[in-house]
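If you're wondering where the values come from, they're calculated on a predicted model, not measured in any experiment.
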Amino acid sequence: MEIDIPEVVAEVTAAFRRYEVALVTNDVAVLDELFWNDPRTIRYGAGEILHGYEEIMAFRASRPSVGLERELVRTVITTHGRDFATANTTFSRNGRIGRQSQTWVRMPEGWRVVSAHVSLMPAGG
């Protein structure tokens with residue numbers, strides 16, 4: 001299996017960046033689009049546990065749309081073959097450090113997040 005095929009890394013990086021812009025601007029339509037529409041999709045957030053696309057969609061629809069800005073500190077995107085990738089990033093928001101991991105899979109409709117996890121470091125940590 002080839003790791004980090006340049007054109008695949010570029011594709012996933014573009015999808016990741018699109019997700020990031022949608023996240024900080026609360027573009028719910030794009031966020032919903034970029035998650036796999038399946039009951040097996042998972043998103044563990046800083047304060048929520050979401051199983052399935054429907055729960056993730058409902059969370060996005062009810063989430064406050066202010067205070068979403070953040071600064072990415074370090075992002076690592078690794079592709080495995082042509083259809084699987086991980087994107088891990090650390091970020092800073094309001095003086096707190098957070099971590100985000102995503103598993104991306106190439107679906108017929110394009111790259112989609114099938115699993116995501118977001119957590120915050122303890123305050124002062």
Given the rule in the side-chain contact (heavy atoms from CB on, under 4.5 Å) test, do R74 and L72 qualify, once you have shown the distances and angles that lead to the verdict?
-> CA-CA 6 Å; R74 185 175 183 185; L72 297 185; over 6 Å; no
Rounded distance (nearest 0.5 Å) linking atom CH2 of W104 with atom OG1 of T86 = 12.0 Å
Rounded to the nearest 0.5 Å, how far does OG1 of T25 lie from CD of E69?
-> 10.0 Å
I77 side, atom CD1; E11 side, atom CD - distance, nearest 0.5 Å = 12.0 Å
Does D83 use its side chain to pair, donor to acceptor, with the backbone of R106 at less than 3.5 Å?
-> no
Does E48 come within less than 4.0 Å of R43, counting only side-chain N to carboxylate O?
-> yes
Can you hop from V114 to Y19 via hydrophobic side chains spaced under 4.5 Å?
-> no
Verify same cluster id: M57, L50 (apolar side-chain graph, 4.5 Å) | yes
Quick check: are there more than 12 heavy atoms from other residues, nucleotides or ligands sitting under 6.0 Å from CD of E109?
-> yes
Would you indicate whether I49, at its atom CD1, is surrounded by more than 12 heavy atoms from other residues, nucleotides or ligands within a distance under 6.0 Å?
-> no
Could you walk me through whether T78 and I3 pass the side-chain contact (heavy atoms from CB on, under 4.5 Å) check?
-> CA-CA 7 Å; T78 305; I3 306 296; 3.9 Å; yes
Same cluster or not: are V9 and F84 linked, directly or through other Ile, Leu, Val, Met, Phe, Trp or Tyr residues, by side-chain heavy atoms under 4.5 angstrom apart?
-> no
Trace of the side-chain contact (heavy atoms from CB on, under 4.5 Å) decision for L68 with R63 | CA-CA 10 Å; L68 301 174; R63 180 178 76 147; 3.6 Å; yes
Spell out, yes or no, whether W111 and I5 are grouped together once hydrophobic residues are joined by side-chain heavy atoms under 4.5 Å, including indirect joins.
-> yes
No-hydrogen, no-angle side-chain donor-acceptor test under 3.5 Å, Q102 and R112 = no
Are R99 and S119 linked by a side-chain donor-acceptor pair shorter than 3.5 Å?
-> yes
Can you list the residues that meet the salt bridge (Lys or Arg N to Asp or Glu O under 4.0 Å) rule with R40, with sequence neighbours excluded?
-> D38
Separation of L120 CG from Q100 CD (nearest 0.5 Å) = 11.0 Å
Please say which of T90, T13, T89 ends up in a side-chain hydrogen bond (donor to acceptor under 3.5 Å, both in side chains) with T75.
-> T89
State whether the number of non-hydrogen atoms from other residues, nucleotides or ligands found under 6.0 Å of R17 atom CZ is greater than 12.
-> no
Remaining members of hydrophobic cluster (4.5 Å side-chain criterion), V21 | none
Check residues 29-37 and write down every donor-acceptor pair under 3.5 Å in which the side-chain atom is one partner and the other belongs to a residue at least two apart or another chain.
unit_1	atom_1	unit_2	atom_2	d
E33	OE1	R18	NH2	3.0
E33	OE2	R18	NH1	2.8
E33	OE2	R18	NH2	3.4

Any chain of hydrophobic side-chain contacts (each under 4.5 Å) joining L23 to V12?
-> yes
Pair M1-R82, side-chain contact (heavy atoms from CB on, under 4.5 Å): steps then yes or no = CA-CA 9 Å; M1 173 181 299; R82 296 191 168 275; over 6 Å; no
